[in-house]
Amino acid sequence: MYVVAEKEIAGLMTPAAAFEAIEAMFASMASRKAYNFPVVREAIGYEDALYGFKGGFDGAGLVLGLKAGGYWPHNQKHNLINHQSTVFLFDPDTGRVKAAIGGNLLTALRTAAASAVSIKYLAPKGAKVLGMIGAGHQSAFQMRAAAVHQFEKVVGWNPHPEMLSRLADTAAELGLPFEAVELDQLGADADVIVSITSSFAPMLMDGHVKGATHIAAMGTDTKGKQELDPALVARARVFTDEVAQSVSIGETQHAVASGLIAESAISELGAVVAGLHEGRGTAEVTLFDGTGVGLQDLAVANKVLEIAIEKGIAQKVEI
């Protein structure tokens, strides 16, 4: 089997490579050649940790595997980040393990790439201003990935304004001007909005969003989490990575539970990528509910494995 260590990922995987892998995976999901396995997520009763598995099989690319890991909230005492994961790939012809790949950075890259794919296919024509809600660790990855579209300015808001320097620094890295604004101005000025927070209460309200807008809601991945006003979700044409996951743990969970939208109104982003859905059409507001699925982890892991083997960085271990 091959081993690609976490420390090697940053030098191998680029936002462009992650985008390519995730875009192809969305198309495979839409064609029903790829599917996710049921997710396992459990509180283990030790160190307040959550541990689980996300896996799947892509019959088009012959990628089989799972991501194992979770959230350890006290990892600071070990000088480690709280999210820890490893991706395991298997040979679909034999079932033998093929590779073990560090999954921490890949998780951030695949989340940002999914958002970027939604921007490519759903952003209003002529979009110039990117709005960022949230300034945590993932926000920088989101902004870099969003640069697949040629924005001219970034506006940003965070519940803790002292953290906005991360957004300003990332915008400067991309050669874009940055302005810290309140949410009402962000909703009025931004053509594309990326929200990436851990909020359990709506922040971006229906009245904030003016004109043709695409929203990538990337922070809600657990029951109870929420970033958007359900009325805003109901006003939008809604897309997601996987509908069942969207209505159970994604941003649409609240609008569906309150009867504002039906599950049948939610479409797969993969259908747009594959040319099976018109996408934005005449809708004023589009929403991508990015919940994160195992196939995305496998797609970027398989891509980085290919690059690592090509560059002679993957370690081969006899088992």
TODO: Would you please test T107 and H83 for side-chain hydrogen bond (donor to acceptor under 3.5 Å, both in side chains) and show each step?
DONE: CA-CA 9 Å; T107 298; H83 290 275; over 6 Å; no
Side chains of [X] and [Y] in contact at under 4.5 Å (non-hydrogen atoms):
X    : Y    : value
N36  : M29  : yes
L105 : E6   : yes
I133 : M203 : yes
Q142 : T111 : yes
R166 : S139 : yes
L106 : I9   : yes
I119 : V194 : yes
T220 : T291 : no

Task: side chain to side chain contact (heavy atoms under 4.5 Å, CB included) assessment of L130 paired with K153 - done: CA-CA 6 Å; L130 172 65; K153 180 181 179 180; over 6 Å; no
Donor-acceptor contact present, side-chain [X] to main-chain [Y], <3.5 Å:
X    : Y    : answer
D191 : K128 : yes
H277 : G279 : yes
K54  : G292 : yes
D58  : A34  : no
E152 : L176 : no
H208 : M205 : yes

Basic-acidic side-chain contact under 4.0 Å: [X], [Y]:
X    : Y    : value
E278 : R237 : yes
K77  : E47  : yes
E268 : R32  : yes
D297 : R110 : yes
E251 : K225 : no
D206 : R235 : yes

Heavy-atom closest pair, residues [X] and [Y]:
X    : Y    : answer
I307 : L12  : CD1-O, 3.7 Å
M218 : A114 : CE-CB, 4.4 Å
A116 : A145 : CB-O, 3.4 Å
L228 : Q226 : O-NE2, 3.2 Å
Y71  : P73  : O-CD, 3.5 Å
L122 : R280 : O-NH1, 2.7 Å

- [ ] Go through L260 and V233 one step at a time and tell me if the side chain to side chain contact (heavy atoms under 4.5 Å, CB included) criterion holds.
- [x] CA-CA 8 Å; L260 291 175; V233 176; over 6 Å; no
- [ ] Kindly determine whether F26 and V117 satisfy side chain to side chain contact (heavy atoms under 4.5 Å, CB included), including the steps that lead there.
- [x] CA-CA 9 Å; F26 272 125; V117 171; 3.9 Å; yes
If hydrophobic clusters are built from ILVMFWY residues whose side chains come within less than 4.5 Å, do [X] and [Y] share one?
X    : Y    : value
F288 : I196 : yes
V40  : Y35  : yes
I309 : V4   : yes

TODO: Take F19 and K120 through the side chain to side chain contact (heavy atoms under 4.5 Å, CB included) test and state the conclusion after the steps.
DONE: CA-CA 10 Å; F19 181 96; K120 174 181 175 179; 3.5 Å; yes
Task: Chi angles and distances behind the side-chain hydrogen bond (donor to acceptor under 3.5 Å, both in side chains) call for D48, H74 - done: CA-CA 8 Å; D48 299 320; H74 309 306; 2.6 Å; yes
Open item on the list: Between S199 and E227, is the side-chain hydrogen bond (donor to acceptor under 3.5 Å, both in side chains) condition met? List the steps.
Closed with: CA-CA 6 Å; S199 176; E227 298 186 298; over 6 Å; no
TODO: Look up atom CG in L305 and atom CE in M1, then write down how far apart they are to the nearest 0.5 Å.
DONE: 10.0 Å
TODO: Working to the nearest 0.5 Å, report the span between OG1 of T286 and CD of E284.
DONE: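 The CD atom of E284 is 10.5 Å from OG1 of T286, to the nearest 0.5 Å.
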- [ ] Anything under 30° is parallel, anything over 60° is perpendicular, the rest tilted; go ahead and classify F53 against Y51.
- [x] perpendicular
